[in-house]
Amino acid sequence: MSSVATMQPASALNIPIWIKNTFNSAHPGTCISPDAVKNGAVKGITAISNVSIVTVEGSGFLGVASVTGRVFSAIGRAGINVYMISQASSQHSLSFLVPNADGPHAMRVLEQELELELHRQTILSISLNPDLAAIAVVGAGMRGTPGVAGNVFQTLGNNRINIVAIAQGSSELNISCVISMADLERAVPALHEAFGLGK
């Protein structure tokens, strides 16, 4: 069972959840509750390693719900888990994140599903960018707090880490970005330091 599924019943009943340290039982731990004190916008940084981005590029067709729906229906039927979705505002490209091991299969599935559109060139290409990592900066205090995204991007830029894709939910509780797997070990400590999470 996932941690989300485990925590959801307690969250629905407003029951506080205490996260304890197995290696330091004397530490009071961290309380997750609706009444938690917001002493900082960002509360945590998580990372998913060994992922690939699949990008479908076209000529404005991605605004059509039927085509976007076909992309994700085909991926869903193939049993491929999608971690993140990013779409350009021009609607010429749609990218989504999958496990490295599923990348080639996702390509084959989409090439088969969109064979006619590729032939007609309403879809220009389907590409795969492997060996990436996704970093998520999370925190309830991020909502309405200006400068959080800017700090994330400036920190990565100052460390010469290129961002491949970005996604943020409308809840403003999470900013996710995709970087090269080779940069992950530098990126996470740099972001911890930038938001004072190591203190």
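Looking only at distances, no side-chain donor or acceptor of S125 sits under 3.5 Å from a matching main-chain atom of E57. In this structure, H192 contributes its side chain and V188 its backbone to a donor-acceptor pair below 3.5 Å. Using modelled atom types, no side-chain atom of N129 and backbone atom of I53 make a donor-acceptor pair closer than 3.5 Å.
A 4.5 Å side-chain heavy-atom check between L191 and L156 finds at least one atom pair inside the cut-off. Annotation: side chain of Y83 is not in contact with side chain of V178 (no heavy-atom distance under 4.5 Å).
Cluster annotation: V82 is connected to I126 through the hydrophobic network of ILVMFWY side chains, with a link wherever side-chain heavy atoms come within less than 4.5 Å. A continuous path of ILVMFWY side-chain contacts below 4.5 Å connects V71 to I123, so both sit in one hydrophobic cluster. Side-chain heavy atoms closer than 4.5 Å link hydrophobic residues (I, L, V, M, F, W, Y) into clusters, and following such links, even through other members, never connects L97 to L110. F96 and V51 sit in two unconnected hydrophobic clusters of ILVMFWY residues. Membership requires side-chain heavy atoms under 4.5 Å apart, directly or through other members. Both L114 and L128 are members of a single hydrophobic cluster when ILVMFWY side chains are connected at heavy-atom separations under 4.5 Å.
Closest of all the heavy-atom pairs between N159 and R186 is O-NH1, 2.6 Å. The two atoms that bring S93 and T55 nearest to each other are CB-CG2, 4.3 Å, heavy atoms only. The two atoms that bring S180 and L132 nearest to each other are CA-CD2, 4.0 Å, heavy atoms only. Of all heavy-atom pairs spanning I45 and I135, the tightest one is CG2-CG2, 3.7 Å. Nearest heavy-atom pair across A47 and L184 is CB-CD1, 3.8 Å. When all heavy atoms of S49 and A133 are compared, the pair lying nearest together is CA-CB, 4.2 Å.
N151 and T155 are linked by a side-chain donor-acceptor pair at a separation below 3.5 angstrom, with hydrogens and angles left out of the test. N174 and S176 share a donor-acceptor pair across their side chains, judged by distance under 3.5 Å alone.
Every residue two or more places apart in sequence or in another chain that forms a side chain to side chain donor-acceptor pair (under 3.5 Å) with E113 is listed here: R70, R77. Under the salt bridge (Lys or Arg N to Asp or Glu O under 4.0 Å) criterion, D102 pairs with no residue at all, not counting sequence neighbours. In this view, A167 and M84 satisfy the side-chain contact (heavy atoms from CB on, under 4.5 Å) rule, not counting sequence neighbours. For R108, the side chain to side chain donor-acceptor pair (under 3.5 Å) criterion is met by no residue, not counting sequence neighbours. Looking at residues two or more places apart in sequence or on another chain, you find no side chain to side chain donor-acceptor pair (under 3.5 Å) involving N50.
The salt bridge (charged side-chain N to carboxylate O under 4.0 Å, His left out) pairs that include a residue from residues 147-158 number zero, where partners must be two or more places apart or lie in different chains.
In this structure, E111 places its CD atom where more than 12 heavy-atom neighbours from other residues, nucleotides or ligands lie under 6.0 Å away.
Rounded to the nearest 0.5 Å, atoms CG (L94) and CD (Q87) are 5.0 Å apart.
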